[in-house]
Amino acid sequence: GAGVSQSPSNKVTEKGKDVELRCDPISGHTALYWYRQSLGQGLEFLIYFQGNSAPDKSGLPSDRFSAERTGGSVSTLTIQRTQQEDSAVYLCASSFGLETEAFFGQGTRLTVV
Amino acid sequence: GDSVTQMEGPVTLSEEAFLTINCTYTATGYPSLFWYVQYPGEGLQLLLKATKADDKGSNKGFEATYRKETTSFHLEKGSVQVSDSAVYFCALSDRNQGGKLIFGQGTELSVKP
């Protein structure tokens with residue numbers, strides 16, 4: 001597609017449920033990044049992929065968070081047993097490589113009630 | 001670890017006023033520096049970047065110079081417009097850390113006609 005696509009754009013879930021957030025990067029982009037934007041914490045790095053491997057998962061807040069990428073393309077961020085503090089906008093970005101411009105998707109707004 | 005600090009907002013200016021948003025960073029390596037902008041209802045977009053000391057990034061009338069001696073990357077514009085109203089994020093990226101972006105907390109700019 002023309003840009004980074006994220007789905008759903010909005011998700012409301014009950015506390016304790018699992019959620020999956022999807023990111024379709026720009027075709028050909030090998031690097032893919034997940035960030036979280038919340039009122040109290042600003043923009044935080046979560047994880048990045050180079051191809052299908054994740055060399056840096058240091059930003060994942062807890063073991064309830066996991067992510068995978070398949071075929072060097074689509075990535076899924078999974079949050080298990082959601083908590084209210086997980087409410088945030090989850091942003092995905094992709095780039096051709098480590099030193100090239102990262103393009104961001106519109107984000108998924110997650111609300112845990 | 002690496003970090004970015006930028007001046008807090010919100011900043012309110014009249015149209016045609018001069019804009020400065022301060023940004024300083026802490027990094028162990030030799031990072032690239034960025035300004036991203038988030039217009040209301042839109043995703044994050046790269047505004048400008050600089051990859052080494054003394055480089056000047058510029059775009060849409062905005063400028064920022066990579067100052068290694070003061071570890072700063074202040075954003076400036078000589079004459080702001082109402083359409084510049086947005087949230088501005090300073091960020092750094094270190095190639096040795098996979099190109100992930102470390103963001104400042106963001107500065108909201110509101111330009112009044």
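Letters go in sequence order (proteins before strands), and every chain restarts at 1.
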Task: Region of A:Glu44 that comes under 4.5 Å of a non-hydrogen atom in chain B - done: neither

TODO: From the options A:Phe45, A:Tyr35, A:Tyr48, select the one residue that forms a side chain to side chain contact (heavy atoms under 4.5 Å, CB included) with B:Leu101.
DONE: A:Tyr35

Open item on the list: Can you give me the closest heavy-atom contact between B:Glu42 and A:Gln106, atom names plus distance?
Closed with: C-OE1, 3.4 Å

TODO: Give a yes or no on whether B:Tyr88 and B:Phe73 share a hydrophobic cluster (residues Ile, Leu, Val, Met, Phe, Trp, Tyr; joining criterion: side-chain heavy atoms under 4.5 Å apart).
DONE: yes

TODO: Counting only heavy atoms closer than 4.5 Å, note whether A:Leu91 contacts chain B via side chain, backbone, both or neither.
DONE: side chain

- [ ] Say whether B:Leu75 and B:Val37 are linked into one hydrophobic cluster, either directly or through other cluster members, by side-chain heavy-atom distances under 4.5 angstrom.
- [x] yes

Open item on the list: Please classify the contact between B:Gln45 and chain A as side chain, backbone, both or neither, with a heavy-atom cut-off of under 4.5 Å.
Closed with: neither

Open item on the list: Hydrophobic clusters here meaning ILVMFWY residues chained together by side-chain heavy-atom distances under 4.5 Å, can you tell me if A:Tyr33 and B:Phe89 are in one?
Closed with: yes

Open item on the list: To the nearest 0.5 Å, what is the distance between CG on B:Leu46 and CZ on A:Phe104?
Closed with: 9.5 Å

Task: Hydrophobic cluster identity match, A:Phe65 and A:Phe49, side-chain contacts under 4.5 Å - done: yes

- [ ] Please flag which part of A:Ala93 lies under 4.5 Å from any non-hydrogen atom of chain B: side chain, backbone, both or neither.
- [x] neither

Open item on the list: Hydrophobic clusters here meaning ILVMFWY residues chained together by side-chain heavy-atom distances under 4.5 Å, can you tell me if B:Leu109 and B:Val4 are in one?
Closed with: yes

TODO: Please flag which part of B:Phe34 lies under 4.5 Å from any non-hydrogen atom of chain A: side chain, backbone, both or neither.
DONE: neither

